[in-house]
Amino acid sequence: MFKSLLRWLIAGAALGFCWSAAAQGVPPNNTPDATLRSTPDTVVWGYFAADIAPALRIKSGQTVKIDTVSHGGVNTPDDPVTYFGRAGIPPGEVLKDAVDIYQKVSRPKGASAHILTGPIYVEEAAPGDMLEVRILALEHRVPYGVNNSNRGTGVLPDLLSAPAPKVIKFDMTRNVALFSPEIEVPLAPFMGIMAVAPPRDIWLMSSRPPGRFGGNLDFNKLTAGATLYLPVFHQGGQFFTGDSHAVQADGEVNGTAIEASLTGTFQFIVHKGAGRGMKWPRAEDATHYYSMGLDLDLDRAMREATQQTVDYLRETRKLSAADAYALASIAVDFRVAEAVDAVQMVYGAIPKKIFKQNPDYWLKR
(Lines give C-alpha, C1' and ligand atoms only; values in the text may rest on other atoms or scores of the structure.)
Protein backbone atom coordinates (compact mmCIF):
# COMPACT_ATOMS: atom_id res chain seq x y z
CA MET A 1 0.00 0.00 0.00
CA PHE A 2 2.74 2.46 1.01
CA LYS A 3 4.72 1.54 -2.11
CA SER A 4 1.65 2.20 -4.25
CA LEU A 5 1.22 5.58 -2.60
CA LEU A 6 4.83 6.48 -3.32
CA ARG A 7 4.45 5.52 -6.96
CA TRP A 8 1.31 7.67 -7.19
CA LEU A 9 3.10 10.63 -5.66
CA ILE A 10 5.98 10.53 -8.12
CA ALA A 11 3.82 9.92 -11.14
CA GLY A 12 2.83 12.66 -13.58
CA ALA A 13 2.68 13.55 -17.22
CA ALA A 14 6.03 14.20 -18.88
CA LEU A 15 5.72 17.87 -19.76
CA GLY A 16 8.22 20.57 -20.68
CA PHE A 17 10.50 22.80 -18.63
CA CYS A 18 9.86 26.43 -17.72
CA TRP A 19 12.75 27.65 -15.60
CA SER A 20 13.83 31.17 -14.79
CA ALA A 21 17.39 32.47 -14.74
CA ALA A 22 16.25 35.60 -12.94
CA ALA A 23 17.28 34.26 -9.53
CA GLN A 24 20.97 34.94 -10.00
CA GLY A 25 22.60 38.18 -8.95
CA VAL A 26 19.89 39.25 -6.48
CA PRO A 27 21.45 40.49 -3.23
CA PRO A 28 19.68 39.48 -0.02
CA ASN A 29 17.80 42.20 1.84
CA ASN A 30 19.53 43.44 4.96
CA THR A 31 16.27 43.03 6.87
CA PRO A 32 13.82 40.23 5.95
CA ASP A 33 10.15 41.05 5.60
CA ALA A 34 9.31 38.43 8.24
CA THR A 35 10.96 36.01 10.65
CA LEU A 36 9.62 32.54 11.44
CA ARG A 37 11.02 30.92 14.57
CA SER A 38 11.07 27.18 15.20
CA THR A 39 8.78 26.67 18.19
CA PRO A 40 6.29 23.96 19.14
CA ASP A 41 3.61 26.14 17.52
CA THR A 42 5.40 26.60 14.18
CA VAL A 43 6.77 23.12 13.44
CA VAL A 44 5.40 19.73 12.42
CA TRP A 45 7.27 16.50 13.07
CA GLY A 46 7.79 14.08 10.22
CA TYR A 47 4.92 14.78 7.83
CA PHE A 48 3.32 17.04 5.24
CA ALA A 49 -0.39 17.81 4.89
CA ALA A 50 -2.46 20.34 2.98
CA ASP A 51 -4.74 21.34 5.84
CA ILE A 52 -2.24 22.59 8.44
CA ALA A 53 -2.91 26.13 9.64
CA PRO A 54 -0.26 28.51 8.26
CA ALA A 55 2.57 29.43 10.59
CA LEU A 56 3.07 32.61 8.53
CA ARG A 57 1.37 34.43 5.65
CA ILE A 58 3.39 36.45 3.14
CA LYS A 59 3.08 38.01 -0.30
CA SER A 60 4.98 37.05 -3.43
CA GLY A 61 8.37 38.74 -3.54
CA GLN A 62 8.82 38.92 0.22
CA THR A 63 11.78 37.50 2.13
CA VAL A 64 11.58 35.37 5.26
CA LYS A 65 14.20 34.36 7.79
CA ILE A 66 13.36 30.83 8.96
CA ASP A 67 14.80 28.93 11.91
CA THR A 68 15.01 25.15 11.68
CA VAL A 69 15.80 22.46 14.24
CA SER A 70 17.56 19.30 13.16
CA HIS A 71 16.08 16.00 14.28
CA GLY A 72 19.62 14.82 15.11
CA GLY A 73 19.73 14.53 18.89
CA VAL A 74 15.98 15.20 19.21
CA ASN A 75 14.57 12.06 17.61
CA THR A 76 16.03 9.90 20.40
CA PRO A 77 14.86 8.29 23.67
CA ASP A 78 17.01 10.76 25.62
CA ASP A 79 16.29 14.48 25.80
CA PRO A 80 18.64 16.72 23.76
CA VAL A 81 20.61 18.00 26.76
CA THR A 82 21.38 14.45 27.87
CA TYR A 83 22.08 13.20 24.35
CA PHE A 84 24.51 15.97 23.43
CA GLY A 85 25.99 16.06 26.94
CA ARG A 86 27.42 12.59 26.39
CA ALA A 87 29.40 14.04 23.47
CA GLY A 88 30.74 16.90 25.56
CA ILE A 89 28.27 19.56 24.37
CA PRO A 90 27.45 21.87 27.31
CA PRO A 91 23.76 22.52 28.11
CA GLY A 92 24.15 26.16 27.09
CA GLU A 93 24.94 25.09 23.50
CA VAL A 94 21.79 23.00 23.14
CA LEU A 95 19.03 24.93 21.41
CA LYS A 96 16.07 25.76 23.63
CA ASP A 97 13.95 25.17 20.52
CA ALA A 98 15.17 21.56 20.41
CA VAL A 99 14.33 20.99 24.08
CA ASP A 100 10.87 22.56 23.71
CA ILE A 101 10.05 20.54 20.59
CA TYR A 102 11.24 17.31 22.24
CA GLN A 103 8.98 17.97 25.22
CA LYS A 104 5.88 19.39 23.54
CA VAL A 105 5.53 18.25 19.89
CA SER A 106 4.02 14.88 19.05
CA ARG A 107 5.08 12.78 16.07
CA PRO A 108 2.10 10.97 14.50
CA LYS A 109 2.22 7.28 13.79
CA GLY A 110 3.73 6.69 10.36
CA ALA A 111 5.54 10.04 10.32
CA SER A 112 9.27 10.34 9.65
CA ALA A 113 12.08 11.88 11.69
CA HIS A 114 12.26 15.38 10.20
CA ILE A 115 11.27 18.49 12.14
CA LEU A 116 9.81 20.98 9.64
CA THR A 117 9.15 24.68 10.11
CA GLY A 118 5.98 25.94 8.44
CA PRO A 119 3.85 26.01 6.49
CA ILE A 120 4.27 29.45 4.94
CA TYR A 121 1.23 30.59 2.98
CA VAL A 122 2.09 32.72 -0.06
CA GLU A 123 -1.03 34.78 -0.76
CA GLU A 124 -0.83 34.78 -4.57
CA ALA A 125 0.02 31.09 -5.01
CA ALA A 126 -2.64 28.81 -6.52
CA PRO A 127 -2.70 25.35 -8.11
CA GLY A 128 -0.87 25.37 -11.45
CA ASP A 129 1.54 28.14 -10.42
CA MET A 130 5.28 27.83 -9.86
CA LEU A 131 6.89 28.86 -6.58
CA GLU A 132 10.42 30.18 -7.00
CA VAL A 133 12.44 29.85 -3.79
CA ARG A 134 15.62 31.91 -3.75
CA ILE A 135 18.07 30.78 -1.07
CA LEU A 136 19.65 34.03 0.04
CA ALA A 137 21.57 32.98 3.16
CA LEU A 138 22.16 29.98 5.43
CA GLU A 139 23.61 30.30 8.95
CA HIS A 140 24.61 27.70 11.52
CA ARG A 141 22.67 27.86 14.78
CA VAL A 142 25.01 25.53 16.73
CA PRO A 143 28.66 24.45 16.24
CA TYR A 144 27.97 20.73 15.92
CA GLY A 145 25.81 18.15 14.17
CA VAL A 146 24.98 14.46 14.07
CA ASN A 147 25.60 11.65 11.57
CA ASN A 148 23.90 8.36 12.27
CA SER A 149 24.41 4.94 10.71
CA ASN A 150 22.32 1.92 11.64
CA ARG A 151 21.58 -1.64 10.66
CA GLY A 152 18.97 -1.83 7.94
CA THR A 153 19.54 1.68 6.60
CA GLY A 154 21.49 3.28 3.79
CA VAL A 155 23.00 1.72 0.71
CA LEU A 156 24.70 -1.05 2.76
CA PRO A 157 21.92 -2.09 5.16
CA ASP A 158 23.77 -5.20 6.39
CA LEU A 159 27.10 -3.50 7.11
CA LEU A 160 26.43 -2.66 10.77
CA SER A 161 24.84 -4.60 13.59
CA ALA A 162 23.70 -1.64 15.73
CA PRO A 163 23.18 2.14 15.61
CA ALA A 164 26.37 4.19 15.31
CA PRO A 165 25.55 7.84 16.09
CA LYS A 166 28.39 10.30 15.74
CA VAL A 167 28.28 13.85 17.10
CA ILE A 168 30.65 15.98 15.03
CA LYS A 169 31.87 19.37 16.25
CA PHE A 170 32.62 22.33 13.96
CA ASP A 171 35.43 24.85 13.86
CA MET A 172 33.34 27.83 12.81
CA THR A 173 36.38 30.08 12.39
CA ARG A 174 37.80 27.79 9.70
CA ASN A 175 34.37 26.60 8.51
CA VAL A 176 35.15 22.89 8.82
CA ALA A 177 33.63 19.84 10.49
CA LEU A 178 36.11 18.05 12.79
CA PHE A 179 35.39 14.47 11.74
CA SER A 180 38.48 13.18 13.56
CA PRO A 181 41.81 14.59 14.74
CA GLU A 182 43.20 13.97 11.26
CA ILE A 183 40.11 14.54 9.06
CA GLU A 184 38.35 17.85 8.46
CA VAL A 185 35.43 18.32 6.08
CA PRO A 186 34.57 21.79 4.69
CA LEU A 187 31.08 22.90 5.72
CA ALA A 188 28.53 23.48 2.93
CA PRO A 189 25.13 24.03 4.58
CA PHE A 190 21.81 23.42 2.83
CA MET A 191 18.24 22.45 3.62
CA GLY A 192 17.54 18.78 2.99
CA ILE A 193 13.82 19.51 2.78
CA MET A 194 12.10 22.37 0.96
CA ALA A 195 8.57 21.59 -0.12
CA VAL A 196 5.08 22.74 -0.88
CA ALA A 197 2.05 20.77 0.32
CA PRO A 198 1.89 17.52 -1.71
CA PRO A 199 -0.52 17.12 -4.65
CA ARG A 200 -3.20 15.11 -2.92
CA ASP A 201 -5.73 15.85 -0.22
CA ILE A 202 -4.57 13.23 2.23
CA TRP A 203 -4.51 13.57 5.99
CA LEU A 204 -0.82 12.85 6.42
CA MET A 205 2.19 11.99 4.28
CA SER A 206 5.56 10.97 5.70
CA SER A 207 8.31 13.50 5.10
CA ARG A 208 10.78 10.78 4.10
CA PRO A 209 10.11 10.26 0.36
CA PRO A 210 10.59 13.25 -1.96
CA GLY A 211 8.28 13.86 -4.90
CA ARG A 212 6.85 16.39 -7.35
CA PHE A 213 6.29 18.78 -4.45
CA GLY A 214 10.01 18.77 -3.50
CA GLY A 215 10.45 17.49 0.03
CA ASN A 216 13.35 15.31 1.14
CA LEU A 217 15.48 15.88 -1.96
CA ASP A 218 18.74 16.01 0.04
CA PHE A 219 20.17 17.98 -2.88
CA ASN A 220 23.47 19.47 -1.77
CA LYS A 221 23.61 22.08 -4.55
CA LEU A 222 20.81 24.06 -2.86
CA THR A 223 23.24 26.22 -0.91
CA ALA A 224 23.12 30.00 -0.52
CA GLY A 225 22.81 31.61 -3.95
CA ALA A 226 20.87 28.72 -5.52
CA THR A 227 17.20 28.69 -6.50
CA LEU A 228 14.62 25.92 -6.30
CA TYR A 229 11.46 25.83 -8.45
CA LEU A 230 8.40 23.93 -7.22
CA PRO A 231 4.97 23.38 -8.77
CA VAL A 232 2.06 24.52 -6.61
CA PHE A 233 -0.80 22.12 -5.83
CA HIS A 234 -2.83 23.96 -3.18
CA GLN A 235 -3.91 27.50 -2.45
CA GLY A 236 -1.06 29.40 -0.81
CA GLY A 237 1.54 26.81 -1.83
CA GLN A 238 2.16 26.02 1.85
CA PHE A 239 5.95 25.91 2.05
CA PHE A 240 7.86 23.81 4.60
CA THR A 241 11.57 23.54 5.27
CA GLY A 242 13.84 21.57 7.59
CA ASP A 243 16.15 18.54 7.69
CA SER A 244 18.96 21.08 7.73
CA HIS A 245 22.45 19.83 6.89
CA ALA A 246 25.93 21.18 7.56
CA VAL A 247 27.46 19.13 4.74
CA GLN A 248 26.58 16.05 2.69
CA ALA A 249 28.14 14.21 -0.23
CA ASP A 250 26.18 13.09 -3.28
CA GLY A 251 24.46 9.80 -2.54
CA GLU A 252 24.12 10.29 1.25
CA VAL A 253 24.98 6.60 1.35
CA ASN A 254 24.64 5.82 5.07
CA GLY A 255 21.27 7.58 5.23
CA THR A 256 22.25 10.85 6.90
CA ALA A 257 24.40 13.94 6.35
CA ILE A 258 25.82 15.97 9.20
CA GLU A 259 22.37 16.87 10.51
CA ALA A 260 22.64 20.34 12.06
CA SER A 261 20.22 23.17 12.85
CA LEU A 262 20.32 26.15 10.46
CA THR A 263 18.64 29.49 9.91
CA GLY A 264 17.84 30.27 6.29
CA THR A 265 16.76 33.44 4.55
CA PHE A 266 14.57 32.89 1.49
CA GLN A 267 12.71 34.96 -1.07
CA PHE A 268 9.46 33.57 -2.46
CA ILE A 269 8.17 34.52 -5.92
CA VAL A 270 5.01 33.18 -7.55
CA HIS A 271 4.90 32.66 -11.34
CA LYS A 272 1.28 32.37 -12.42
CA GLY A 273 0.46 29.26 -14.44
CA ALA A 274 4.12 28.26 -14.80
CA GLY A 275 3.83 25.08 -12.72
CA ARG A 276 1.45 23.24 -15.03
CA GLY A 277 4.25 21.93 -17.22
CA MET A 278 6.46 20.77 -14.35
CA LYS A 279 6.92 17.06 -13.74
CA TRP A 280 9.68 17.42 -11.14
CA PRO A 281 11.29 20.26 -9.19
CA ARG A 282 14.11 22.13 -10.91
CA ALA A 283 16.96 24.26 -9.66
CA GLU A 284 19.81 26.48 -10.71
CA ASP A 285 22.78 28.34 -9.34
CA ALA A 286 25.36 30.70 -10.83
CA THR A 287 27.03 27.97 -12.89
CA HIS A 288 24.42 25.28 -13.69
CA TYR A 289 20.82 24.42 -14.40
CA TYR A 290 19.72 21.26 -12.60
CA SER A 291 17.23 18.76 -13.92
CA MET A 292 15.87 16.10 -11.57
CA GLY A 293 14.50 12.58 -11.85
CA LEU A 294 12.81 10.69 -9.01
CA ASP A 295 11.67 7.10 -8.70
CA LEU A 296 11.66 4.14 -6.36
CA ASP A 297 14.08 2.53 -8.83
CA LEU A 298 17.44 4.25 -9.31
CA ASP A 299 17.64 3.29 -13.00
CA ARG A 300 14.23 4.86 -13.62
CA ALA A 301 15.31 7.98 -11.72
CA MET A 302 18.32 8.20 -14.06
CA ARG A 303 16.05 7.91 -17.10
CA GLU A 304 13.75 10.61 -15.71
CA ALA A 305 16.63 13.03 -15.15
CA THR A 306 17.96 12.34 -18.64
CA GLN A 307 14.54 12.84 -20.22
CA GLN A 308 14.06 16.10 -18.36
CA THR A 309 17.46 17.30 -19.56
CA VAL A 310 16.72 16.38 -23.17
CA ASP A 311 13.32 18.07 -22.96
CA TYR A 312 14.92 21.22 -21.58
CA LEU A 313 17.54 21.36 -24.33
CA ARG A 314 14.95 20.78 -27.04
CA GLU A 315 12.43 23.29 -25.78
CA THR A 316 14.66 26.15 -24.63
CA ARG A 317 17.62 25.73 -27.00
CA LYS A 318 15.59 24.50 -29.99
CA LEU A 319 17.79 21.44 -30.51
CA SER A 320 16.68 18.33 -32.35
CA ALA A 321 16.11 15.19 -30.30
CA ALA A 322 19.38 13.75 -31.57
CA ASP A 323 21.40 16.89 -30.78
CA ALA A 324 19.81 17.29 -27.34
CA TYR A 325 20.60 13.66 -26.50
CA ALA A 326 24.16 14.09 -27.78
CA LEU A 327 24.73 17.28 -25.79
CA ALA A 328 23.36 15.63 -22.64
CA SER A 329 25.91 12.86 -23.12
CA ILE A 330 28.95 15.05 -23.73
CA ALA A 331 28.31 18.11 -21.52
CA VAL A 332 25.90 17.19 -18.69
CA ASP A 333 27.00 15.34 -15.56
CA PHE A 334 24.40 13.03 -14.01
CA ARG A 335 24.80 12.24 -10.33
CA VAL A 336 22.90 10.52 -7.54
CA ALA A 337 21.77 13.14 -5.04
CA GLU A 338 20.43 10.55 -2.63
CA ALA A 339 19.83 6.79 -2.80
CA VAL A 340 18.41 6.20 0.67
CA ASP A 341 14.94 7.74 0.98
CA ALA A 342 12.77 5.07 -0.72
CA VAL A 343 12.19 7.47 -3.64
CA GLN A 344 15.65 8.12 -5.03
CA MET A 345 16.87 11.25 -6.80
CA VAL A 346 19.26 11.68 -9.74
CA TYR A 347 20.14 15.13 -11.08
CA GLY A 348 21.64 16.44 -14.28
CA ALA A 349 24.07 19.36 -13.97
CA ILE A 350 23.77 21.43 -17.16
CA PRO A 351 26.67 23.92 -17.32
CA LYS A 352 25.64 27.46 -18.19
CA LYS A 353 29.03 28.25 -19.70
CA ILE A 354 28.36 26.09 -22.78
CA PHE A 355 25.64 28.50 -23.93
CA LYS A 356 26.47 31.84 -25.50
CA GLN A 357 23.26 33.27 -24.05
CA ASN A 358 21.24 32.37 -20.97
CA PRO A 359 18.09 34.50 -21.26
CA ASP A 360 15.24 33.97 -18.82
CA TYR A 361 12.69 33.59 -21.59
CA TRP A 362 11.28 30.21 -20.67
CA LEU A 363 8.80 31.66 -18.19
CA LYS A 364 7.29 33.65 -21.05
CA ARG A 365 6.53 30.75 -23.37
Side-chain angles (χ1 to χ4, degrees), residues 32 35-46 55 64-105 107 113-118 135-149 163-181 183-194 207 216 218 220 222-224 240-249 252 254-266:
T35 298
L36 182 59
R37 305 298 184 192
S38 49
T39 72
D41 294 327
T42 63
V43 303
V44 294
W45 199 335
V64 185
K65 189 173 185 177
I66 306 172
D67 286 342
T68 66
V69 171
S70 172
H71 59 279
V74 182
N75 186 35
T76 66
D78 295 318
D79 67 272
V81 171
T82 300
Y83 178 90
F84 287 115
R86 286 197 295 268
I89 306 297
E93 288 188 7
V94 178
L95 288 174
K96 183 179 184 298
D97 299 10
V99 176
D100 289 346
I101 290 166
Y102 178 87
Q103 293 175 343
K104 299 176 182 179
V105 179
R107 184 157 61 105
H114 312 109
I115 298 167
L116 306 175
T117 307
I135 305 158
L136 303 182
L138 292 164
E139 307 164 72
H140 293 277
R141 300 188 69 191
V142 290
Y144 56 84
V146 180
N147 178 265
N148 193 35
S149 300
K166 185 179 181 68
V167 176
I168 301 170
K169 297 178 182 179
F170 306 155
D171 182 330
M172 300 308 302
T173 302
R174 295 188 296 118
N175 201 40
V176 295
L178 306 174
F179 186 85
S180 75
I183 299 175
E184 298 178 350
V185 181
L187 298 173
F190 71 100
M191 295 296 184
I193 292 178
M194 291 186 281
S207 61
N216 193 25
D218 287 331
N220 61 19
L222 295 176
T223 55
F240 301 81
T241 191
D243 187 31
S244 40
H245 296 161
V247 62
Q248 176 206 292
E252 197 188 21
N254 84 336
T256 60
I258 298 183
E259 315 287 330
S261 300
L262 301 175
T263 294
T265 302
F266 307 87

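The shown structure was predicted, so the numbers you read here are calculated from the model rather than taken from an experiment. Throughout, numbering of the chain's residues begins at 1 and tracks the sequence.
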Heavy-atom side-chain proximity of Lys166 to Asn148 below 4.5 angstrom: no
Any donor-acceptor pair under 3.5 Å from Thr265 side chain to Ala137 backbone: no
Set of side chain to side chain contact (heavy atoms under 4.5 Å, CB included) partners for Val247, sequence neighbours left out: Val185, Ala188, Ile258
Partner of Leu262 under side-chain contact (heavy atoms from CB on, under 4.5 Å), chosen from Val142, Thr241, Thr68: Thr68
Salt bridge (charged side-chain N to carboxylate O under 4.0 Å, His left out) involving Glu93 - partner list, sequence neighbours excluded: none
Ser207 side chain near Phe240 side chain, heavy-atom distance below 4.5 Å: no
Asp97 (side chain) donor-acceptor with Thr39 (main chain) under 3.5 angstrom: no
Qualifying residues under side chain to side chain contact (heavy atoms under 4.5 Å, CB included), relative to Val74, sequence neighbours excluded: Trp45, Val69, Pro80, Ala98, Tyr102, Ile115
Pairing residues for Asp78 by the salt bridge (charged side-chain N to carboxylate O under 4.0 Å, His left out) criterion, not counting sequence neighbours: Arg86
Flag side-chain contact, heavy atom, 4.5 Å: Tyr83 against Val94: no
Partners meeting salt bridge (charged side-chain N to carboxylate O under 4.0 Å, His left out) with Asp171 (sequence neighbours left out): Arg174
Reported OG-to-CD distance for the pair Ser261 and Glu139, which is rounded to 0.5 angstrom: 13.0 Å
Residues that Asp67 engages under salt bridge (charged side-chain N to carboxylate O under 4.0 Å, His left out), provided they are two or more places apart: Arg37, Arg141
